[in-house]
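A quick write-up on the structure given underneath.
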Amino acid sequence: MANTFGNSYGLTTLCPLINGVHDEQSSYDKITRRRIQRLEEDAGSPFARIPNTYFARLFILNDVFFQQGNDVARDHLKSKYLVFTSNFHGELEPYLTGMWNNAEADIRSLWQYAVAFDKVQNADDFVAYIKKCQLTTTLFFNGSNDVALKEQLKALYVKQAFSEFALAHQGQDATALRTAFNNFMAEIKLDDLNQPSWTPGQTRLQNMY
Amino acid sequence: MSNVAGKAYGMNVLTPLRWWTALWQKLIFWVVVKTFPYFLKGLLTLSLIHYARWTIINRWSFPRLDKSQPKEKLSYSYMLFESNFNGSWDQYIDSFSFAIPSGLDMFWRWNIKYPKSIPLHDFYNYIRFNQIESGHYYNAYPLAAANDVKTAQKLFTNLGTFQQNIANLNDEEFLQAYQQFLADNQHSLGSMGESPLMSASHELVQEHQHANIMMARAAGKQEA
């Protein structure tokens, strides 16, 4: 009903995992969970390399929850699911293609034991595969922005830099302030979204003043 | 597990509902979307939310990709709620419950054993019981809160306009315009940075993650 909200897209997928055990040691879901937990975080995350990803997450859905009581049926899933969800800017196909092109090794590792993933050989296959796992979002709420990630990161860089500038140049006379302001604007390059800017997943600030 | 990425917390809640009430619930969500922003006005006041979504999974619509995969036979349909917000779990649940109790009841009213959003204690227990921890959670701007993202965009646009408008001013006129600009944009100013640790358990999670990553690096590859 509502995978999109403006230019932002809410992708929800459940990818079934193969039931069974690898080399009589670990079940496929446990192997997959271990691989998820060993992913690097923040700027090291594979999602930091995938263009226009605002937020993303991975987890294993082992089973559904029994709500307790004699008046409640007890459901159990017959498969475990790799749940992958993402909030990103733009259209689905280009996003998934970018995902494959920038994080193919991680994708192959994480989805290795997903049902029918052995047929995925290229970006087009991956797009088709994820679409089969996709669930339509019923209600999607965007409380943030829906501009391209580069623009968001640049705006955040400018906000931080200008806040520091305003603090550092309080009480200056008009001529000195104007000179400093012109230098500042030349340094932050408003028209260049690439640099200087924040990088995806960045966790440290580099103060200007 | 990793429910925290910088200033954001990622929540996943999966709750059952009868298959026919799931259809009603979808209709309600459809009405909410069509009448936006009236019904979502409450959500907008919760400016700590980056993105949130509700996905109703009919009991017959769990993805089945191959004949070798056993077919699910479920009594209930399920609703998956996901949110990306700033602050701690407790702050979020409190805010939700106090700001939009009737909205919460509208969204979850037909979910099995939903206790209603007030009193808070039962609602706490319900969410906690049905929550699934994330294995990996990524946030593109961990240093920023949702309000930072929104105000940064405003400031970015306004600063560009300001730069154009001051081109022909003398220095004194520039000073006045600059001071006015600061006053007009004061809500968009403020330094960002790392958030403090939200809980002792989060600190523990970070230690475990660090150990996991070290193991993966030592192995040289992410193999089991």
Side-chain angles (χ1 to χ4, degrees), chain A residues 1-2 10 12 14 16 26 31 33-40 42 45 47 53-59 64-65 67 72-73 75 78-79 85 87 109 115-116 132-133 135 137-145 149 152 155-156 158-160 163 166 174-175 177-178 185 190 200-201 203 205, chain B residues 10 14 26 29-30 32-33 40 43 49-57 62-63 65-66 69-70 72 74-76 78 82 84 112-113 130 132 134-142 144 146 149-150 152-153 155-156 159-160 163 171-172 174-175 182 189-193 212-213 216 222 224:
Chain A
M1 287 166 74
T12 310
L14 262 65
S26 289
I31 296 171
R33 178 180 293 105
R34 214 171 294 147
R35 290 179 182 182
I36 290 172
Q37 290 176 339
R38 288 180 180 179
L39 289 173
E40 299 260 359
D42 302 316
S45 165
F47 293 106
T53 309
Y54 303 138
F55 289 91
R57 69 184 77 176
L58 294 160
F59 62 91
V64 292
F65 300 110
Q67 300 299 307
V72 183
D75 271 346
K78 292 184 185 300
S79 296
T85 73
N87 292 281
S109 168
V115 172
K132 284 182 193 166
C133 299
L135 298 166
T137 302
T138 317
L139 178 64
F140 182 35
F141 173 73
N142 179 357
S144 186
N145 272 332
L149 183 62
Q152 279 199 11
L156 285 164
V158 168
K159 174 185 163 83
Q160 179 66 31
S163 298
T175 306
L177 181 64
R178 185 165 203 174
M185 294 303 289
L190 275 189
T203 53
L205 286 177
Chain B
L14 186 70
K26 280 192 175 184
F29 281 136
W30 182 80
V32 167
V33 170
L40 291 181
L43 273 179
I49 302 174
H50 289 273
Y51 302 93
R53 75 178 87 154
W54 289 258
T55 305
I56 292 177
I57 314 167
F62 278 73
L65 304 187
D66 193 82
Q69 181 192 346
E72 300 293 356
L74 298 167
S75 301
Y76 299 116
Y78 287 83
E82 287 178 79
N84 304 275
I112 304 293
K113 299 277 183 178
N130 291 294
I132 308 165
S134 292
H136 180 74
Y137 183 40
Y138 169 75
N139 172 3
Y141 23 81
V149 175
K150 284 176 277 195
Q153 202 60 45
L155 183 67
F156 182 72
L159 194 58
Q163 189 181 21
D171 288 352
E172 286 305 321
F174 165 79
L175 181 58
L182 289 187
L189 300 178
S191 183
M192 291 169 278
N212 276 334
I213 289 166
Q222 291 185 349

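Naming convention: chains lettered A, B, ... in sequence-line order (proteins, then strands); numbering from 1 in each chain. Note that this is a predicted model, so its numbers are computed, not measured.
Heavy-atom pairs under 4.5 Å with chain B peak, among Lys132(A), Met185(A), Lys159(A), at Lys159(A). Listed options Asn139(B), Asp66(B), Leu175(B) were ranked by heavy-atom pairs under 4.5 angstrom with chain A; first place goes to Asn139(B). When each of Leu205(A), Ile36(A), Asn87(A) is checked for heavy-atom pairs under 4.5 Å with chain B, Asn87(A) comes out on top. Between chain A and the options Ile132(B), Ile112(B), Ile49(B), Leu65(B), the largest number of non-hydrogen pairs under 4.5 Å is found for Leu65(B). Comparing Asp42(A), Val158(A), Val72(A) by how many heavy-atom pairs each has under 4.5 Å with chain B, the most go to Val72(A). Counting heavy-atom pairs closer than 4.5 Å to chain B, the top residue among Cys133(A), Pro200(A), Ser45(A), Ala166(A) is Ser45(A). Highest contact tally toward chain B, considering only Thr53(A), Val64(A), Leu149(A), is held by Val64(A) [criterion: heavy-atom pairs under 4.5 Å]. Put simply, of Ala52(B), Gly160(B), Gly193(B), the one with the most heavy-atom pairs under 4.5 Å next to chain A is Ala52(B). The greatest number of non-hydrogen atom pairs below 4.5 Å with chain A, out of Lys150(B), Glu72(B), Gln163(B), is found for Glu72(B). Top candidate by heavy-atom pairs under 4.5 Å with chain A, chosen from Ala152(B), Pro70(B), Ala146(B), Gly10(B), is Ala152(B).
Interface remark: Leu58(A) contributes backbone and side-chain atoms alike to the contact with chain B (heavy atom separation under 4.5 Å). In this structure, chain A has heavy atoms under 4.5 Å from both the backbone and the side chain of Tyr137(B). Proximity to chain A (any heavy atom under 4.5 Å) is shown, for Ile56(B), by both the backbone and the side chain. Proximity to chain B is absent for every atom of Arg33(A), based on heavy atoms less than 4.5 angstrom apart. Looking at Glu172(B), both its backbone and its side chain come within 4.5 Å of chain A, counting heavy atoms on both sides. In this structure, chain A has a heavy atom under 4.5 Å from the side chain of Ile57(B), while its backbone stays farther away. Lys113(B) touches chain A through its side chain: at least one heavy atom from C-beta onward sits under 4.5 Å away, while N, CA, C and O do not. Only the side chain of Ala116(A) comes within less than 4.5 Å of a heavy atom in chain B; its backbone stays farther off. With a 4.5 Å cut-off on non-hydrogen atoms, Leu155(B) touches chain A through its side chain but not through its backbone.
Atom OH of Tyr76(B) is separated from atom CZ of Phe65(A) by 15.5 Å, given to the nearest 0.5 angstrom. The OH atom of Tyr54(A) sits 12.5 Å away from atom CG of Asn84(B), with the distance rounded to the nearest 0.5 Å. With rounding to the nearest 0.5 angstrom, the CD atom of Gln37(A) is 11.0 Å from the OG atom of Ser134(B). Atoms OG and CD, from Ser144(A) and Gln152(A) in turn, are 5.0 Å apart once rounded to the nearest 0.5 Å.
Closest non-hydrogen pair, Asp171(B) versus Ala174(A), comes out as O-CB, 3.4 Å. Taking each heavy atom of Phe140(A) and Ala2(A) in turn, the nearest pair found is CB-O, 3.1 Å.
Between the side chain of Gln160(A) and the main chain of Met192(B), a donor-acceptor pair closer than 3.5 Å is present. The main-chain N or O of Asn130(B) is never found under 3.5 Å from a side-chain atom of Gln67(A) such that the two would form a donor-acceptor pair. A distance-only check finds no donor-acceptor pair linking the side chain of Arg178(A) to the backbone of Phe174(B) [under 3.5 Å]. In this structure a side-chain-to-backbone donor-acceptor pair under 3.5 Å is missing from Ser79(A) to Pro16(A).
Taking the six-membered ring for Trp, His50(B) and Phe55(A) have ring centres closer than 6.0 Å.
Screening Thr12(A), Leu14(A), Thr85(A) for a side-chain contact (heavy atoms from CB on, under 4.5 Å) with Thr55(B), the sole residue that qualifies is Thr12(A).
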